[in-house]
Amino acid sequence: MNIRILGGAHEIGGNCVELESGGHRLLLDLGMPLTAGPDEHIPLPPVAGLLTGGDPTLRGIVISHGHLDHYGLLRQAHPSVPVFMGEAAARILAEAAFFMRDPVVPRPAGFLKDRTPIDIGPFRITPYLVDHSAFDAYAMLVEADGQRLFYTGDLRAHGRKSALFDRLVNDPPENIDILLSEATNVRDDAAPVVPAMTEVELEDRFVEAFRATDGLALVAFSVQNIDRLVTIYKAAKRSNRELVVDLYAATIAKATGCSSIPQPPRNGRGFSNYRVFLPLSQRIRVKTSQEFDRADWVRDIRVFHKELARHPERFVMMFRGSMIGDLRAINRLGGLAGAKAWWSLWKGYLDEPSGLKLQQDLAGLNVPIEVLHTSGHASVPDLRRLVESINARETVFLHTEHPDAGTVVGNGQTTQ
């Protein structure tokens, strides 16, 4: 089995690995670089048949999880190339498309299931469900030509599914020839190596923050970070507040197909302390598309500007930059007195133009903002646990800006 790393070797994101066996080829992920702008055209990697189709030796693309830096270039791939990914991840991307300007909607030829092998040409893929900020994310064991490769995709050990990481390191795949491991959180030798804050610890921090806030509590977080949705919901409930999400977040929670995820009621069952707000942009989208059923199903738990302004101390509200107009409307009704905001995403986004504008807009509303976040990626101590447990003959680190990741993680067998 030959391996060609086409993206992610010296950058965070843009993952793409081509495998070849007996003249047949398979791609693991097809991601956009994390640094790519929203309108920037990124050419496809030089893979025969990827753009034009019609090449039977290209057996498919296996997507580890639903983050753009792992699947974003699919929009350019020829539709005849088979795509494989998790079923819930595919549903989430399909439902998210309604809310996005230029969506990528995969149409999988098959689905990944935890520890269930799938044969794609000469390649046998065994997916391993992992703990990550993306729902339905997988690492993969790939077998071909008597060789065994393990690709971690993105994973962590401090989320709400941390038991999956423990299961992996306690019962790792055996006799691995090549480990392709993520190393997002490797910085440099001078950086302190500390365990990551867990989602449970983050929940406790939010409880303290919400209880210390007199007015509306605003939290910016990724709608598709389902762990974070659970964290914010639990913290809101412990603080005697109701969580207010937008229609996009409610739709994505429903698309998980998981009844334990906070979401609007269905068939008479649902979550208390849970409301849905439709920002102006989403109301316009529903009206323009005439897809009124997208909003009708949350009618009974909708909350409006006036209620938020009348009792702001009762609510934790998710927000994003596109909702500034709605926040201004709440402010005109007197609803932002004593409000505070928290940024629960990678803090580097705040230094980008959209993040700087958001901070400026909040300042104009006299709403302070703080960062309260934990990574979706494994800490260095947990990477060490992973590398040591798998004990591959050779380890290559991807999804990192530091090609010397092996020296930081501490495995003498690593190569770059």
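This is a predicted model, so every value here is computed, not measured. The first residue in the sequence is number 1, and the count goes up from there.
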Exercise for review: Walk me through it: do Arg385 and Asp166 pass the test salt bridge (Lys or Arg N to Asp or Glu O under 4.0 Å)?
Suggested key: CA-CA 10 Å; Arg385 290 171 57 201; Asp166 292 335; 3.0 Å; yes
Check your understanding: Can Thr374 and Glu199 be said to form a side chain to side chain contact (heavy atoms under 4.5 Å, CB included), step by step?
Key -> CA-CA 7 Å; Thr374 190; Glu199 285 287 333; 3.5 Å; yes
Practice item. Verify salt bridge (Lys or Arg N to Asp or Glu O under 4.0 Å) between Arg156 and Asp131, making sure each step is shown before the conclusion. Key: CA-CA 5 Å; Arg156 63 177 179 175; Asp131 180 18; 3.5 Å; yes
Exercise for review: Could you walk me through whether Arg25 and Glu20 pass the salt bridge (Lys or Arg N to Asp or Glu O under 4.0 Å) test, one step at a time?
Suggested key: CA-CA 4 Å; Arg25 295 167 297 120; Glu20 185 274 333; over 6 Å; no
Review point. What's the verdict on salt bridge (Lys or Arg N to Asp or Glu O under 4.0 Å) for Glu95 and Lys254, showing C-alpha distance, side-chain angles and the deciding distance?
Key: CA-CA 9 Å; Glu95 289 297 325; Lys254 179 181 177 182; over 6 Å; no
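Asp300 pairs by the salt bridge (charged side-chain N to carboxylate O under 4.0 Å, His left out) definition with nothing, not counting sequence neighbours. With sequence neighbours left out, the salt bridge (charged side-chain N to carboxylate O under 4.0 Å, His left out) criterion links Asp171 to no other residue. With sequence neighbours left out, the ring pair (Phe, Tyr, Trp, His ring centres under 6.0 Å) criterion links His373 to no other residue.
Gln359 places a side-chain N or O within 3.5 Å of a backbone atom of Gly355 that can act as its donor or acceptor partner.
Screening Tyr138, Phe150, Tyr151, Phe165 for a ring pair (Phe, Tyr, Trp, His ring centres under 6.0 Å) involving Tyr128 leaves a single residue, Phe150.
The number of heavy-atom neighbours closer than 6.0 Å to CZ of Arg205, taken from other residues, nucleotides and ligands shown, is 12 or below. Residue Arg211 qualifies as enclosed at atom CZ: its count of foreign heavy atoms under 6.0 Å is above 12.
Ring pair His70/His399 is parallel by interplanar angle, where below 30° counts as parallel and above 60° as perpendicular.
With 3.5 Å as the limit, one finds no donor-acceptor pair spanning the side chains of Thr198 and His158.
Note that Arg294 lies in the cation-pi zone of Phe98, set by a 6.0 Å cut-off to the ring centre and a 45° limit from the axis.
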